[in-house]
Every structure is written in C-alpha cells, then in structure tokens.
Amino acid sequence: MSFSRNLAELFTPLCSSKCFSLYTRISISMAMMLIPMTIQTLFKGQKIIATIYTFILALTLLSICSNLKRVLRVLTLILIFIVIGFIVIAISKFLGYPTPTLKELILSSVNLVTLFLSISLFFQWTSLRELRWILTKMGMSRLANLTTATLAFLPLLLNNYIEAYIAILMKFGKRKVYKAVNSLIIHTTMIANDVAQAIYLYGLPQTPRVKVERPKLLEVLLIATIVILAMFLIIVAP
Amino acid sequence: MLQKGYDARKPIVKVKGLWLRYRVSMQGDWVLRSLDFEVEDRETVLVIGASGSGKTSLIRALTGVAQAVFGAEVQGEIELCFKKLKELSTHDIQKCVQVVNQDPYTHFLEPVPLDDMLSYAEKFYGNEAEEIVEKVVKLLDIEDIVNRPVITLSGGQLKRITIAKALIPNPTILIFDEPLMWLDDVNGVEMFKAILKILNDMGKTIIIMEHRFLHLLNFVNSMYKLMQGTLAKVDKSDVTKLVRQNFRRVVEGIQALKTSQSNSYREVLRLDNVWFKYGKEQWVLRDLNLKVYQGDTVVIYGSNGAGKSTLLRIIAGVLKPTKGSVKRFSKVMYIPQIPYLFLTEESIKKEIKELCNNRKVREDCFSRCSELLNRFGYDDLDRLPLHLSWGQVTRLATLLSINTINRDGLILLDEPFTGSTYLEAIALAETLRMFTEVAKIIVLSSRDYISLFPKARVYMLSNGVLSPLAYRDAHMFDKAAYRLMPP
C-alpha cells in the first residue's frame, strides 16, 4: 500500500502552485529529461560527472517538492528492472555474447533512474489543468481530453489495486493471489462506468484558463545555470 | 426546518409509467415497474427502500444516465424543469439537475478537487469561475481539504467536496444518492443537515435516497418507499412509529441475547506502540496499543479522516506502521471499504465454492453459506456480484468471510453497514454475533450502529489516539449527541 501510494503520488501534482512559474517548471523538467537522454545517446558509457550532476540535481529538485525518502523507496521498482538487466547481461557474458562494460552499465542505469525522476518531476510540477492547456495549445485537444480521463483516475486505481491484492491474499492465501486480477477487473469496470457517468453529468473539462506568468529573473538564471552547467560538463568533463 | 413557505406548486419532476431494465437482464426482470410520481418545485423528497430495490436506477433514469451510459431500456415519460428529458441537452440537464453519487471518488475528473471544480465552473461562468468556486468552498467549509489530492482524502471528506461541486451550476434540483454513506455523526451528518437547511433556504428541490433516513425526517416534505420496482407514498409519522417499534423489538432482542464477550485468552492480534504517518504529513496514529483475543468484538468509532481505515490497513498488513509493531497470531480476513475489491468470481455460487474449498473448513460449508445468504435475500446464486448494489455487495462480502474464516480467525470490517437499511444492519449484526469464536474488528463512523454490539469493546479514534469508550460514556450521550440518535 505504501509503495503503491508513493508511486501514485509521484505522478500526482503536489505543489505546482508553490513552485516556479509554468514556463520555468516545464523548462527545468524538460531539460532534466533531455540531459540523460543526450548523454545516453551520444556519449554512451562516458561523462561520469555530467551523469552524477543530473542525477543529484533531479533528486534535489524532487526533494524540494516531494518527500525524498518516498522517492527513493519508489526507485526500488526501477532498480528491479536494472537488476534484471544486470542478470541478463551476466548470462550473455557467460554464454560468450558481446556485452557492455561495467562502467557503461552503471552509467546507463544512473541515466535511466535520472530520466524516471525527471518524468516524475514533470508530473509533480504540472497540474492536469496545465498539462491539458499545453496539449490544447499544441492542437491536441482530443488527446488532452483522453489524458484527463486517464490520468485523473490513475492514482485512485493504483491506490485501490494494492488494497485488492491484500484482501485477496488474506481471502485465498499466496497460492491463489492471482485471483486479485479478477477483482481488479471488476473494480476497473465499475470505475469505467462511473467515469462515463461523471463525463455525462459534468462533461469533459473545458480548455482551462491557466494563469501563465512570465518567469522571474531568478528563475531564468536558474534554468540557464542548470543547462549551461550540464553542457559544460558534457563538453569539458570526462 | 422544512422549506419556508412550501405549498403545492407545479411539479418540477414528473414521472409517468417509468419502466427500466438493464441490458444484462433484457430477458428478465424490470428494475423499475410503472413508476408514477411528481416532485413539486422547492419540495424535499425522501425515497427509502432496501438495497437493490432500484433507488440508484431511478436516479440514473431521471438524469438520462441509464440510457446513455448503461444502455438500459427505459420506457415512460420523464419531465425535468418543465421540459421532457428527451428535449433537454446535456448542458440543460446540468443546469437543471445535479447528482451527488454514492461513491464520491468518481466525481472528479482531475486529481485535485479544486482544479476539477475550477474546470467545471469555467464551463458556466468563464472568468468568474474562481469567485464562484470560492463561494461554494466557503459555504461548505472545505477550504482546508479542497486543495489536497483526491487519494489523500477520506470518503467522508470527499463527500463534502462533491456536494460543493454539485452546487457550482446552481441547479434547480439536487439529487443525493445515500448522502450519509461514510459520513460521521458530528462533522458529516450535522454538516449534511446544515447543507439541507441552506439548500432549503435557497429554494432548491431536493430528492434524497437514504438508508439512515431517521436523521433527515425533519427536513423532508414527503416520503416514498421503493419496493420491488414500484414507488409508494409513505406517511412520515407511520415511518417513525414503525421504526421505533422495530428498534425497540430488536434492541430488546439484542439485550436478551446471552452472547458475551470472549473469555478466551488466546491472543489473535497485538498492536504495540503503533505510530503512523503518510510521508511528511502529521501523525495519523499515535502510540496505539490493542490486544484482541479469540471471539472478541472490537468496535472502533471515529469521525471522517480520523484514521480508522488506515488503522485497519495497518492491521491487515496493507500499510506498515512508521513505529511500533503489529503481530497477527491467526488467519485474518479483510473486507475493504470498497467491498467489490473482495470479490473475485463470476457468480455468488462460485464465490462460496472457491472460499469453502480454499479454506478447508467444515464439510457443510457450502450449504451453510448458501442458506445464510438465502436468509439475506440472495436467492439467485448464479448472479454476477458486479450487478449487486453497494449495500448488497458489502453484506455479501461480510457474510462470505464470516462463514468461511477459521474458528480462531480475525475478521476486519471497514464500515460493514454501508448501504444497508436499519433492519438489514440489525440482521447483519445479529449474524456476526452468532459466530462467537471469531474475533471481529469493526470500524464505524456512525454511532447509530454501535448499539448493535452491546458486548463489544468500543474504542474511539480521535486525533490519532485510541481510547476506550464506555458504553454510557457522557461524551456519547450528551444532549447534542443524543439528538443524533434514532428514536
């Protein structure tokens, strides 16, 4: 439950109004997503300092907004995938297939984690209203509507899913815990009915009127510092 | 408390010869059968009826949801705000009628209620949306909770926000489907009464479907009973008399029962110095200590958001305490507040079979369970549980678990009387008490039901602290609280 709730809250806007202006929030989180992707694509297995810099920066920004302990706990999910990757590579090496070096592996994993943190930063910093506004401005109003309906219920579903898992674990024991899938299907069907009902009764939300303030000088400086420092480290540092 | 200056006016809701059945039962039963009724402008109407009697279906038919969303077959004539339903656009319906559903979690299309309300208000008021939302937020006194994500709010808190959202378009008619469900006595029920008074003063037409209707009798002009798909007008005084008689009979019956609190010293659960908080938030639970023995009944009473469901989740193992320890010494069954999460099979019969086979309990498990369910009106065991009402599913999950849990087991029930009529609740409580060897922890937000467990250990959860509540505790029976109790 804690894990599920933490995971759900990682994608729930928690303090969008308390943080920076919308432009700043989008710019920083986008930059934070692009930096690890650039390093991974163009400098695979290199740029240790730039990789560590973006990782620490992502953690720092998230800890300002959210609970760092919770963020780290949720990282266990992504660590599972990383461990699976390591195992697959170990088996490949054992079978004599070409494999990346240990340095490459570690740096790729850190980049992956940074990317995950940056995506979660984007969702925590951008409310659904703002996201919808952005998509509508980009001429994707239909996608904006679909995103609204889906994302609004995602945290709620994640929250309920673990509850169903525990209820069924206690009902049938470990051997038949897979039956939780059935109750989840039943529950999701009901939620789908309710969503349809809510959309019918309230209609899909209108294109929101979002207050877009110009970023303050300090915010511009912050964005510039983050990007310039990252570029400097990518170009100059090893 | 009734509508000021209420007298006979033009009917604002007019239903003539209404029939309704769902696609799944096209070959079979009509849920609503030739309903005729009218609601006058500014009238407050209460509709009562057993769970599964068709109250929610009636609301769906009135708003057009039954046809548009559920694909139900609807016959007959419906007029809302002096126009035929078929002639009203969705926008007209929204301006005319607003529904506050049973499950408040599904009212919001955005994760933060305030954002959702602003989006909704913008549709009607444009640039003035913020002002309107601020007004309804203040009116319902929800400033401190409206800006929190939906998943962090309790069912009761969310219900208040849902009512605020319904008020945004300033509708002529408001329909409440079990408005008191999950609401606690003081903040919830009293709050709803205050809202009813405000709505009455605003001249709204109100239709309420409610099981715990005794709290609302002073606020309604007329009352209907929905039974087997038909609607009949009921005299308010008759209802009060009837319920009072039934309550007296049942309470006397309960007190005559010789079931006593367990004398067993076999411990089934122990909570030692349990503290809990979500992330950086305040402590939800503070230094909780509790021992439960075989056959014990423990009732935990508290207001909305007090942390009752959190406590049950900690006991069930869904959540881990931040500090302290939870030890379970026997099998535990957990019925969540959303009872549908407990069910896994495509029919009631299969649910019983799976549970009986899995738990390897007594040989007559299936027949005993079927018989028990039969007594509670579950005569069609091939029915898909999905098609049962909320109250029916809550009782079904409770009955299935109590019947199949080991004798020395522990059952955790989160608001087991949700969606039940008074008499259904009494019957369920009587059944729970029959299983004397099974320990039960029951979480309640309404005092109405505490009296159903006269031998239980009752605790109050308030400010994160669990304190014993003497049955004749002055706090429970002070004048203000006493007025809340049913006659």
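Each chain gets a letter, A, B and so on, in the order its sequence line appears, and its residues count up from 1.
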*Asks:* Is it true that Lys353(B) and Glu345(B) make a salt bridge, defined as a side-chain N closer than 4.0 Å to a carboxylate O?
*Replies:*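 No, Lys353(B) and Glu345(B) are not salt-bridged.
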*Asks:* What residue in Ile199(A), Asp194(A), Val195(A), Leu184(A) has the most heavy-atom pairs under 4.5 Å with chain B?
*Replies:*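 Most heavy-atom pairs under 4.5 Å with chain B: Asp194(A).
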*Asks:* So, do Leu121(A) and Leu117(A) sit near enough that their side-chain heavy atoms are less than 4.5 Å apart?
*Replies:*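 No, side chains not in contact.
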*Asks:* Is Gln337(B) in contact with chain A via its backbone, its side chain, both, or neither, using a 4.5 Å heavy-atom distance?
*Replies:*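 Contact with chain A: backbone only.
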*Asks:* Using a cut-off of under 4.5 Å for heavy-atom pairs, which of Lys165(B), Gln98(B), Arg60(B) has the most such pairs with chain A?
*Replies:*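 Most heavy-atom pairs under 4.5 Å with chain A: Lys165(B).
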*Asks:* Does the ring center of His187(A) lie less than 6.0 Å from the ring center of Tyr161(A)?
*Replies:*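 For His187(A) and Tyr161(A), the ring centres are not under 6.0 Å apart.
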*Asks:* For Ile186(A), is it the side chain, the backbone, both, or neither that has a heavy atom closer than 4.5 Å to a heavy atom of chain B?
*Replies:*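 Both backbone and side chain.
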*Asks:* Under 2.5 Å between the SG atoms: is that true for Cys356(B) and Cys369(B)?
*Replies:*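 Disulfide absent: SG-SG distance not under 2.5 Å.
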*Asks:* Can you tell which part of Tyr340(B) gets under 4.5 Å to a heavy atom of chain A, answering side chain, backbone, both or neither?
*Replies:*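 Answer is both: backbone and side chain atoms of Tyr340(B) are under 4.5 Å from chain A.
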*Asks:* When you check the gap from the basic side-chain N to the acidic O, do Glu354(B) and Lys171(A) get nearer than 4.0 Å?
*Replies:*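 Salt bridge absent between Glu354(B) and Lys171(A).
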*Asks:* Counting heavy-atom pairs closer than 4.5 Å to chain A, which one of Ser401(B), Pro385(B), Ala129(B), Gly64(B) comes out on top?
*Replies:*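 Greatest number of close heavy-atom pairs with chain A: Gly64(B).
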*Asks:* Please flag which part of Gln102(B) lies under 4.5 Å from any non-hydrogen atom of chain A: side chain, backbone, both or neither.
*Replies:*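 Neither the backbone nor the side chain of Gln102(B) comes within 4.5 Å of chain A.
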*Asks:* Among Leu412(B), Asp103(B), Leu118(B), Val97(B), which residue has the highest count of heavy-atom pairs closer than 4.5 Å to chain A?
*Replies:*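 Of the options given, most contacts go to Leu118(B).
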*Asks:* Measure up the Tyr120(B) and Tyr202(A) rings against each other and bin them: parallel (under 30°), tilted (30 to 60°), perpendicular (over 60°).
*Replies:*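 Tyr120(B) and Tyr202(A): perpendicular rings.
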